[in-house]
Amino acid sequence: MTTTPSVRTFPASFVWGAATASYQIEGAVTEDGRGPSIWDTFSATPGRTLDGHSGEVAADHYHRTAEDVAMMKDLGLDAYRFSLAWPRIQPTGSGAFNPAGLDFYSRLIDDLLEAGIDPVVTMYHWDLPQPLEDAGGWPARDTALRFGDYARRVVETYADRVKVWTTLNEPWCSSYLGYGSGVHAPGRTSEVDALRAVHHLNLAHGLGGRAVREVLGDAATLSLTLNLHVARADDPTSAEDRDAARQIDALANRAFLNPVLDGYYPADLLEDTAHLTDWSFVQDGDLDVTRTGLDVLGVNFYSTQRVRRVPPGVEKSMNDGHGASSATAWPGADRVEFLPQPGPYTAMGWNIDPTGMTELLVGLSRTYPGLPLMITENGAAFEDVVSEDGRVHDPDRVSYLHRHLDAVGEAMDAGADVRGYFVWSLMDNFEWAYGYHRRFGIVRIDYDTLERIWKDSAYWYRELVRTDALPAVESAPDLA
Ligand code: IFM
């Protein structure tokens, strides 16, 4: 007897979207009054990004918003997640706001709404105004206060049209990659500064969240996007390895979840890092500010980690899969080793393991029952090529998306309240330290002509959005 494999379906209310970020797609870095950001400075510093690539032109989205919104409409997207460039809106990060910058996003929001696409706005996706870094950056408390002012202004400006507000994207990256390992802008390497940055980013979230709730009241959907880690003990029977996993969970996950959802920093985090800092930068009342609660938690998921505790005296490898090669990448975790994972891998070298997606979502829904979840990023970079037929056939990406969405469905079956999914990314873009050498888009950017070319994954995604059912991977080339 043959059985037809059942097709995974999603509720009609499930939100289908695509995500991008300002510095990665906009270009136009000196136009219409935009000020410099830490990523402009970092990219201009020799050796910081592959081949010295920068976001100077990127996907030229700044000049092609109408075309890009039309493309999103063709894809049938319910929602578009994008970020506001703080230095475009407030060029020095404090003081005067730039009307041209505010207008740019206002037009984008109008175009989206006219196309029937909900704008999901991230206030900060890593492009800190350079003058704020010069004054101390995220390790300095004042940066959080400046963010609070900026947040209030943008919420007041767009509240009539934008209801879903994400304060920060992946503060883990801003703090540990920016100030710990230094592989991201501004490229500093201090364990203590990384921890100070963690707190000030949480504080910034709190201040931004307050602005959202005060301006929008009950109409607000407040969100924060985290790249939570699924770090598994190499040997689950080893207390040392389990403790290594606990330590990474504290640094990567609970350092953000606890202050925002519970109003404290985990005791084990404070203990693990007590030799570095007494955390006195957390001032009285701060945790009341950080504890905003969330209307929806944004979850970015790409891969899993495997860790073990290295015995004293044994040399450990420093690769944590995020290009971190310095001892300052994970404050206080100097005896934790990130081990190579079984493949397959994406072009980032990240292992493909959709079980991590299910584990993460189910775990979150058990820890925080009733908390709605939204996949705000998931996707993969592969070595795409344009075929002779002019098409980009990207079966590996289609398979990656299929398997991860199936894993999301499994988590929903197990009770996780997942409201939607945003593919990373709408289009190829500036992949930070990797420049344009990594392509995550479902739409290809030809960086010579800036032409947009739909990959098979884009046609496949359009079919998914249309039907709320996972199309077969093999059907992708025929869906154009
Ligand atoms: O490109 C990034 C994005 O900016 C943040 N999340 C991970 C993506 C892939 O590295």
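Ligands are counted one by one from 1 in listed order, and the atoms in each one are counted from 1 as well. Residue numbers count from 1 along this sequence. None of the values given here were measured: they were computed from a predicted structure. The basis for the numbers below is simple: all heavy atoms, side chains too, and nothing from hydrogens, waters or symmetry mates.
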Inset, instruction - Could you tell me whether the side chain of W424 reaches within less than 4.5 Å of the side chain of N300, counting heavy atoms only? - result: no
Between [X] and [Y]: side-chain donor-acceptor atoms closer than 3.5 Å:
X    : Y    : answer
D40  : S37  : yes
S106 : R161 : yes
D353 : T304 : yes

Inset, instruction - Kindly state each residue pair satisfying salt bridge (Lys or Arg N to Asp or Glu O under 4.0 Å) with at least one member in residues 190-202, sequence neighbours excluded. - result: R188-D193
Inset, instruction - Would you please classify the geometry between the W432 ring and the H184 ring as parallel, tilted or perpendicular, with 30° and 60° separating the classes? - result: tilted
Legend entry - Residues lining ligand 1 [heavy-atom distance under 4.0 Å, listed by chain and residue number]: Q24, H125, W126, N169, E170, Y302, W350, E377, W424, E431, W432, F440
